[in-house]
J.: 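My questions all concern the structure below.
For ligands, and for the atoms within them, numbers begin at 1 and follow the listed sequence.
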Amino acid sequence: MSNKNFRLVIKSGNVFDPLSGAIKEEHTIVIVGSKIAWCGSDSAFDKEPNDEIIDATGKTILPGMIDCHVHLQSTATPQYERKYLRTTRGMLHYYALRNAQNHLIHGFTCLRDCGGYPDWGPSLRRIFDSGTIAGPRLLVANLAIAQWGNQEAIGPLEVLEYSRQLSEVKTGVDGVKHAVRDRKRSGSDFIKTLTTGGVLHGMTSKVGTSLFLDEELLAIVEEAHRLGMHVACHAHGREGIYKAVMAGIDTIEHGSYIDEEIAELMIQKGLYLIPTQIAGLSLAKPEILKQLPPEVAEKTKTVVSAVLENHKIAFNKGVRFAIGTDAGTPGNHHGQTASEIKNMVENVGMTPTQALQAATIESAKAIKKDDMLGSIEQGKLADLVICDLNPLEEISILQDPKNFAYIIKDGKIMVKHGQITYFK
Ligand SMILES: [Zn+2]
């Protein structure tokens, strides 16, 4: 019987199933609208007259990959303080658009933006969701909820003016609850908070201390969960990671000084670590390091040397890992998430299969979207990457977008061999 519905059919590909880690050979995927209507072996597929067929014989099909930690407005320049002086607020929105598309052409059909200027994120999300412009799915945090202290506030006025608008300092249980509700109202998908200083925050900012009170962190988590949002927490030092874990924060970002005891707690609570190794490794490159403010360069060297060892301990213990890059930090360009997947293989000890699971189903679980994303199953959204080569045999093929014959998001072909082909 003919079906008048238009169907996009990806025929005879080798489909990576992140749930089992296996490749299902010679499988066909039927897409109707934005969803996967059917996926099964070629022999069980019935062609219909209106089908548009893509022959995927010999190709490997992955679920669209997910980067759980990007900063789309940030442009990866090492001289970030000077950059602020030459950049208008409007320009940042266009950078965000271009950077998001750069992730898309590299096979990342979903991004979680972990903070920048407020308010642009929900708009860009809506533009992409409506199919007006080719772009990935976005989850946005809007404005991070920060603590007093740790992110210091001294420096050139323009830099201060910029950085003060990137997070909101809140105090007390009522204060943080108000901030969480305000994020919900302004269109945030999740909450971003910080329990420690950052490597790039200024001179006196410490990665080792955490100034939020336990009850403030608990209030953030409780209120966010009540409103249907999860919570991501930037935490480098042990104390900050520990406090975040005890409060039940859903994803720990960076986790530089994670140890066995915290790893055990994270496993018990089912929390995710998003290691963002590429951020530290990019900062530590000599050509980047020499362009950073001297105190930031010093801090980089100390933190990066600890990170690789500690993440390995966490992984071996059994902590759940998802993929995130912190893309936008100095030297950490948008579109390089495949390098982080490779880091997981080379530095953490994942097999290529585990690394691809981390970039797909595990990342989908980390951001609470595994009901619709992260694997190729009937009823899920049709976000797919059709690779000419098999990344399970050679993980580095993911680094070159020319190896992706098609990138499909929401059932629409958006990219072919590294070029955006979707224009509404
Ligand atoms: Zn970040």
J.: Can you label the angle between the His103 ring and the Phe108 ring as parallel, tilted or perpendicular, going by 30° and 60°?
T.: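 Ring orientation of His103 relative to Phe108: perpendicular.
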J.: Got a sec: is His69 within less than 2.8 Å of the Zn ion (ligand 1) via an N/O/S atom?
T.: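 Within the cut-off used here (under 2.8 Å), His69 does place an N, O or S atom near the Zn ion (ligand 1).
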J.: Can a salt bridge be assigned to the pair Glu168 and Arg183 using a cut-off of 4.0 Å between side-chain N and carboxylate O?
T.: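 Salt bridge flag = yes for Arg183 with Glu168.
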J.: What N, O or S atom of Asp326 is found closest to the Zn ion (ligand 1)?
T.: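 The nearest such atom is OD1.
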J.: With a cut-off of 2.8 Å, does Cys114 put an N/O/S atom close enough to the Zn ion (ligand 1)?
T.: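 Not a single backbone or side-chain N, O or S atom of Cys114 is under 2.8 Å from the Zn ion (ligand 1).
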J.: If you measure only the distance, is there a donor-acceptor pair under 3.5 Å linking the side chains of Asp326 and His69?
T.: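 The criterion, which ignores hydrogens and geometry beyond distance, is satisfied for His69 and Asp326.
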J.: Return the orientation label for the His234 and His254 ring planes: parallel under 30°, perpendicular over 60°, tilted otherwise.
T.: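 The arrangement is perpendicular - the two ring planes meet at more than 60°.
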